[in-house]
Engineer: 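Below: one structure in structure tokens.
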Amino acid sequence: MAGYDNEIILISKEITADDNLIEQEIETKKTILCREKSVNRDEFYKAGAQGFKLGNIVIVHSCEYKGEDKAIYKGKSYDILKTFQGGVDEIELTLSQKVGVQC
């Protein structure tokens with residue numbers, strides 16, 4: 001089994017209100033280690049038919065993933081299209097971009 005030798009930045013957004021009840025969006029980024037998994041042909045074509053370009057599938061420790069829906073991996077911005085619990089302590093994140101988005 002390959003090691004966790006890549007970094008991914010997970011991005012979460014939260015709406016908070018200050019003392020005057022003015023809402024603002026706060027973006028939080030955290031860098032964690034991951035490992036890559038190959039994207040299979042079927043997933044690649046299914047995503048393309050739905051207007052997405054699959055980037056990568058990465059595997060992270062379940063305890064480090066808190067439902068974030070955006071990520072930066074190898075310098076590119078991605079949406080986290082779906083997740084899959086791959087084992088007791090691992091979760092797969094499928095990274096994608098909308099077709100036509102240049103980052």
Side-chain angles (χ1 to χ4, degrees):
M1 176 187 287
Y4 287 74
D5 52 3
N6 293 303
E7 288 185 346
I8 186 168
I9 301 168
L10 300 178
I11 303 168
S12 61
K13 294 185 178 181
E14 181 180 350
I15 305 287
T16 61
D18 63 16
D19 293 337
N20 297 318
L21 300 179
I22 297 173
E23 291 184 348
Q24 61 182 8
E25 186 176 80
I26 296 175
E27 183 177 89
T28 304
K29 295 179 180 180
K30 73 176 171 184
T31 302
I32 62 172
L33 293 175
C34 67
R35 63 183 170 92
E36 267 188 54
K37 178 181 174 183
S38 297
V39 175
N40 73 42
R41 195 175 299 156
D42 186 48
E43 285 180 297
F44 180 82
Y45 288 114
K46 281 182 182 178
Q50 296 177 11
F52 292 96
K53 177 183 173 191
L54 283 189
N56 297 89
I57 295 176
V58 297
I59 299 172
V60 301
H61 293 288
S62 297
C63 62
E64 295 181 305
Y65 178 70
K66 303 296 182 204
E68 294 88 350
D69 60 359
K70 304 268 185 213
I72 299 172
Y73 185 61
K74 295 186 176 180
K76 293 185 179 180
S77 296
Y78 293 99
D79 291 318
I80 298 174
L81 182 64
K82 68 176 185 172
T83 62
F84 175 75
Q85 190 73 39
V88 175
D89 60 349
E90 294 183 328
I91 191 163
E92 295 179 6
L93 309 178
T94 302
L95 308 179
S96 70
Q97 295 175 318
K98 277 286 205 184
V99 173
V101 174
Q102 298 292 323
C103 296

Engineer: Just to verify, what does Asp18 make a side-chain contact (heavy atoms from CB on, under 4.5 Å) with, not counting sequence neighbours?
Structural biologist: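 Listed in chain order: Asn20, Ile22.
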Engineer: Report the distance from atom CZ of Arg35 to atom OH of Tyr4, rounding to the nearest 0.5 Å.
Structural biologist: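 Rounded to the nearest 0.5 Å, the CZ-OH separation comes to 5.0 Å.
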Engineer: Is there a donor-acceptor contact under 3.5 Å from the side chain of Glu27 to the main chain of Ile11?
Structural biologist: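 No: the side chain of Glu27 does not pair with the backbone of Ile11.
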Engineer: Count I, L, V, M, F, W, Y as connected when their side-chain heavy atoms are under 4.5 Å apart, and connections chain through other members. Are Ile91 and Ile32 then in the same cluster?
Structural biologist: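 Linked, Ile91 and Ile32 end up in one cluster.
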Engineer: Does the side chain of Leu95 come within less than 4.5 Å of Ile80's, by heavy atoms?
Structural biologist: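 Of all side-chain heavy-atom pairs linking Leu95 with Ile80, at least one is under 4.5 Å.
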Engineer: Would you list the atom pairs, donor with acceptor, under 3.5 Å between side chains in residues 54-75 and any protein atom, with sequence neighbours excluded?
Structural biologist:
{"unit_1": "Asn56", "atom_1": "ND2", "unit_2": "Glu36", "atom_2": "OE1", "d": "3.2"}
{"unit_1": "Ser62", "atom_1": "OG", "unit_2": "Gln85", "atom_2": "NE2", "d": "2.8"}
{"unit_1": "Ser62", "atom_1": "OG", "unit_2": "Glu90", "atom_2": "N", "d": "3.2"}
{"unit_1": "Ser62", "atom_1": "OG", "unit_2": "Glu90", "atom_2": "O", "d": "3.4"}
{"unit_1": "Tyr65", "atom_1": "OH", "unit_2": "Glu68", "atom_2": "O", "d": "2.8"}
{"unit_1": "Lys66", "atom_1": "NZ", "unit_2": "Cys63", "atom_2": "O", "d": "2.7"}
{"unit_1": "Glu68", "atom_1": "OE1", "unit_2": "Lys66", "atom_2": "N", "d": "2.9"}
{"unit_1": "Glu68", "atom_1": "OE2", "unit_2": "Lys30", "atom_2": "NZ", "d": "3.4"}
{"unit_1": "Lys70", "atom_1": "NZ", "unit_2": "Asp79", "atom_2": "OD1", "d": "2.5"}
{"unit_1": "Tyr73", "atom_1": "OH", "unit_2": "Asn6", "atom_2": "ND2", "d": "3.4"}
{"unit_1": "Tyr73", "atom_1": "OH", "unit_2": "Glu36", "atom_2": "OE2", "d": "2.8"}
{"unit_1": "Lys74", "atom_1": "NZ", "unit_2": "Glu36", "atom_2": "OE2", "d": "2.5"}

Engineer: Nearest 0.5 angstrom please: Ile26 CD1 to Glu14 CD, how far?
Structural biologist: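 Between atom CD1 of Ile26 and atom CD of Glu14 there are 6.5 Å.
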